[in-house]
Amino acid sequence: MAERSFKKEVEKLRLGAGATFEGEGILAVTKALLQAGVAYVGGYQGSPISHLMDVFADADPLLRELGVHFESSANEAAAGAMLAASVNYPLRGAVAWKSVVGTNVASDALSNLASGGVTGGALIIVGEDYGEGSSIMQERTHAFAMKSQMWLLDPRPNLTTIVDMVETGFELSEASNTPVMIEMRVRSCHVTGSFVAKDNRRPSLTVGQAAANPRRDVDRIVLPPAIFQHEIEKVEKRWPAAQTFVRDRRLNEWFGPERDDIGIIVQGGLFNTLNRALELAGLSDAWGGATLPVYCLNVVYPLIPEEVVAFCAGKKAVLVLEEGQPEFIEHELNTLLRRADLSTRIVGKDVMPRAGEYSGQVIGAGLADFLRSWAPERAPARALAAVPEPDLAAAVPPRPAGFCTGCPERPIFSAMKLVQRELGDLHVSADIGCHLFSILPPFHIGNTTMGYGLGTAGASAFKPVGEGAGKRAVAMMGDGGFWHNGLSSGIGNAVFNQDETVTIIVDNGYSAATGGQDILSSRADNDIRTTHHPIEKAVRGMGVGWTRTLTHTYDVARMRDTLKEALTSPEKGPKVIVAQSECMLNKQRRVKPLLAKAAKAGQRVVRERFGVDADTCTGDHACIRLSGCPSLSIRPNPDPLRTHPVTHIDNSCVGCGHCGEVAHAAVLCPSFWKASVVVNPGRWERWGARWRGAAIGWLQRRHARHLAARAF
């Protein structure tokens with residue numbers, strides 16, 4: 001169950017030639033692949049292209065009609081290895097994943113692919129997750145493309161341009177026998193617009209037909225002595241072929257007048273932001289009608305020397321807009337101009353930040369500095385963007401990332417805090433996924449994180465021998481990370497080396513961190529995938545002897561006791577706890593529409609709610625410190641003789657019961673109560689509610705009379 005369904009939108013993929021296609025970037029990419037005659041598609045979900053994989057899954061009937069094979073890959077390495085089908089056969093293939101972390105995982109396959117080269121077009125669609133909205137370390141794909149000599153497209157965020165770059169990317173790959181990467185930034189993935197569609201094309205050769213007619217070219221296999229020829233071929237044949245193709249097909253774009261004293265060179269993905277800054281400075285309009293020359297690099301690697309020289313000739317200075325450090329494009333531009341004996345000044349990181357996302361405000365400020373130095377008559381008289389109030393940070397409270405209301409992972413860390421209270425602090429090797437939020441308040445649990453599914457491997461150096469003997473390290477891992485690579489690199493490695501780590505595998509039924517997609521251990525039925533493969537069975541098959549599966553993580557006391565047992569058990573070797581409860585966010589997405597439909601149909605619907613008795617609450621807020629649920633807050637104490645605010649549960653409560661479980665397991669105050677909210681109650685329930693209301697009302701009135709009498 002993905003976080004969003006595209007069942008309706010994928011019908012647009014059937015549009016034929018001349019029709020207007022409207023939608024967002026990821027739908028445009030899918031349509032472009034079908035128009036280009038792609039034979040196979042694979043990938044691994046992850047922001048910002050996670051929805052692209054969801055689109056393919058929902059479009060599976062259409063893909064089958066066209067003879068296109070779609071594979072939901074186990075990880076990015078598996079997806080990258082799929083492109084081996086394009087090495088010897090004229091098959092057009094595409095894979096997709098989140099970069100740069102996904103590219104790192106796929107690096108072995110990509111290096112081999114780029115070395116031997118391809119016969120069919122091979123396209124790698126990467127979600128370039130760089131900037132303030134990112135969830136990963138700040139790196140760029142550019143360095144990887146340069147390292148492996150793969151061509152890198154960075155299309156202008158415009159659906160027509162994106163579609164053209166996808167289709168042309170296959171042709172560029174075939175013309176240069178080189179895999180091509182196309183980076184899709186967050187804004188490009190989700191920009192909306194329209195383009196004129198073409199007919200979908202069946203692949204000229206399907207993967208089945210290729211398998212029936214095997215081909216072999218030993219020169220394409222990455223082994224000595226071929227590998228030494230591959231490098232020469234890259235530089236002397238493939239690179240010039242790519243440059244010729246890009247130049248002849250004019251994949252890069254020019255805006256504004258042909259001649260001027262100054263100009264701007266910009267990565268394609270930054271063009272819209274640049275144009276907005278120019279518009280605010282009075283130097284462009286909303287349609288890209290710039291009044292100074294702009295050279296838009298839809299292909300950021302390789303650069304085309306003839307185009308660069310032609311654009312820079314006769315100009316005093318050119319502003320280069322390139323996010324990140326090192327400034328690869330700026331370095332190469334300086335080299336190209338020196339070789340051409342041009343004196344044009346390249347202005348880049350001297351006016352632009354070396355690190356961070358180039359937002360409209362950042363580009364506006366750099367543009368203003370550039371113009372003041374090289375064209376003062378065109379420099380804006382005022383700042384191009386409003387400056388935030390200096391005391392904004394003091395006025396707006398911080399909102400760190402955290403678990404959703406009712407998240408089944410929250411009680412795991414509540415239990416861990418209770419265990420640490422008894423056994424002392426633990427070294428916890430965290431992992432990529434929702435459970436990484438444990439490093440933040442109120443839990444403050446987690447020492448390091450090394451990558452998706454690498455929690456157990458990250459704890460492998462900590463073994464309880466010598467000093468510190470008996471103190472086992474704890475490793476976290478999600479079910480998505482487990483199937484991604486944690487089974488082999490984490491559990492298998494721990495078994496082989498007889499590590500003494502305790503691994504908690506959070507099994508919430510989906511790859512929740514990447515958008516709620518089904519995985520091997522999902523308990524939901526899937527029409528095109530196989531599910532219902534228990535994690536504990538896989539762990540035991542790998543050789544783990546001590547395993548426990550808890551099917552209700554909200555039972556904090558049992559979670560606490562099981563973790564304590566794992567940490568103190570005399571049994572040698574790795575210990576694994578599989579903690580199962582469905583992702584609450586996906587559960588609410590699934591259940592709420594069903595409950596609303598049932599209530600509308602007049603059926604009886606029950607929803608549980610929790611609350612706090614203000615008269616009983618002591619006001620020490622230990623429940624909040626051990627839980628941190630967003631539905632837990634505070635409100636003024638109703639007792640005039642008590643000044644401490646009491647705990648309050650707001651209407652966002654989903655009735656998971658964690659707060660009450662924490663109170664019980666930690667022996668806190670018994671101030672929590674549970675109520676059942678019934679919609680469309682039965683006859684006896686309505687009668688009982690009226691009776692209870694009358695009885696309570698009579699008691700309240702009697703109490704009020706008693707108080708009034710005492711007052712006199």
Side-chain angles (χ1 to χ4, degrees), residues 1-10 41-47 49-64 70-75 78-79 403-412 432-435 452-453 477-487 504-539 541 549-555 577-598 605 607-608 654-656:
M1 176 184 176
E3 64 182 5
R4 179 181 168 188
S5 172
F6 289 88
K7 289 292 186 181
K8 294 182 179 179
E9 288 91 336
V10 295
V41 179
Y44 192 82
Q45 59 273 358
S47 176
I49 56 89
S50 56
H51 286 163
L52 182 59
M53 298 301 296
D54 298 335
V55 170
F56 282 126
D58 287 339
D60 190 70
L62 174 58
L63 300 181
R64 291 176 184 270
F70 167 57
E71 184 96 355
S72 184
S73 307
N75 53 36
F403 297 106
C404 299
T405 300
C407 176
E409 302 184 17
R410 188 186 307 278
I412 296 173
I432 302 299
C434 301
H435 37 83
Y452 198 36
M477 190 185 299
D479 46 359
F482 174 81
W483 294 113
H484 181 270
N485 69 9
L487 177 59
I504 301 174
I505 301 175
V506 182
D507 181 8
N508 52 31
Y510 316 92
S511 182
T514 61
Q517 293 82 5
D518 285 335
I519 49 179
L520 277 164
S521 53
S522 293
R523 290 171 289 283
D525 294 326
N526 191 307
D527 294 336
I528 60 175
R529 302 286 179 260
T530 175
T531 53
H532 299 281
H533 299 282
I535 289 177
E536 183 175 348
K537 185 177 180 180
V539 167
T549 295
L550 306 182
T551 58
H552 186 65
T553 63
Y554 299 102
D555 188 341
I577 300 172
V578 182
Q580 294 180 336
S581 275
E582 184 179 6
C583 166
M584 183 57 71
L585 193 61
N586 268 345
K587 181 178 180 180
Q588 293 300 312
R589 290 193 183 111
R590 176 175 59 81
V591 170
K592 277 188 174 180
L594 298 177
L595 295 180
K597 183 178 180 180
V605 174
R607 181 171 66 90
E608 290 187 341
V654 295
C656 70

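Throughout, residue positions are numbered sequentially from 1 according to the sequence presented.
Between the side chains of Glu409 and Asn508, at least one donor N or O lies within less than 3.5 Å of an accepting N or O. Checking Asn75 against Asn485 by side-chain atom types alone, no donor-acceptor pair falls below 3.5 Å.
Here the side chains of Leu520 and Phe482 are not in contact, with every heavy-atom distance at 4.5 Å or above. The side-chain heavy atoms of Ile412 and Ile504, taken from C-beta on, include a pair separated by under 4.5 Å. Looking at heavy atoms from C-beta onward, Arg410 lies out of side-chain contact with Tyr554 at the 4.5 angstrom threshold. Between Gln580 and Thr549, some side-chain heavy-atom pair lies under the 4.5 Å cut-off. Side chains of Asp54 and Gln517 form a contact here, defined as non-hydrogen atoms less than 4.5 Å apart.
Taken to the nearest 0.5 Å, the CE atom of Met53 stands 12.5 Å off from the CZ atom of Phe6. Interatomic distance, CD1 of Ile49 versus OH of Tyr44, reported as 11.0 Å (0.5 Å rounding). Here Cys404 contributes atom SG and Lys587 contributes atom NZ; the two are 14.0 Å apart, rounded to the nearest 0.5 Å. Atom-to-atom distance recorded for His435:NE2 and Cys407:SG is 9.5 Å, nearest 0.5 angstrom. Expressed to the nearest 0.5 Å, how far CG of Leu595 lies from CD of Gln588 amounts to 8.5 Å. Here Phe56 contributes atom CZ and Ile528 contributes atom CD1; the two are 12.0 Å apart, rounded to the nearest 0.5 Å.
Of all heavy-atom pairs spanning Tyr510 and Ser522, the tightest one is CA-OG, 4.2 Å. The shortest heavy-atom contact between Gly406 and Met584 is O-CB, 3.3 Å. Taking each heavy atom of Asn586 and Glu582 in turn, the nearest pair found is C-OE2, 4.4 Å.
Using cut-offs of 30° and 60° on the angle between ring planes, the pair His484 and Tyr452 is tilted.
The residues Arg529 and Asp60 are annotated as not salt-bridged, no charged nitrogen and carboxylate oxygen being separated by less than 4.0 angstrom.
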May I have the step-by-step check of side-chain contact (heavy atoms from CB on, under 4.5 Å) for Gln45 and Ser511, ending in yes or no?
-> CA-CA 9 Å; Gln45 59 273 358; Ser511 182; 3.9 Å; yes
Applying side-chain contact (heavy atoms from CB on, under 4.5 Å), run through His532 and Asp525 and close with a yes or a no.
-> CA-CA 8 Å; His532 299 281; Asp525 294 326; 2.8 Å; yes
Would you please test Ile535 and Asp479 for side-chain contact (heavy atoms from CB on, under 4.5 Å) and show each step?
-> CA-CA 8 Å; Ile535 289 177; Asp479 46 359; 3.7 Å; yes
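A donor-acceptor contact shorter than 3.5 Å links the side chain of Ser581 to the backbone of Thr553. A donor-acceptor contact shorter than 3.5 Å is absent between the side chain of Arg607 and the backbone of Val654.
For the side-chain hydrogen bond (donor to acceptor under 3.5 Å, both in side chains) with Arg523, the lone residue among Asp518, Thr531, Asp507 that qualifies is Asp507.
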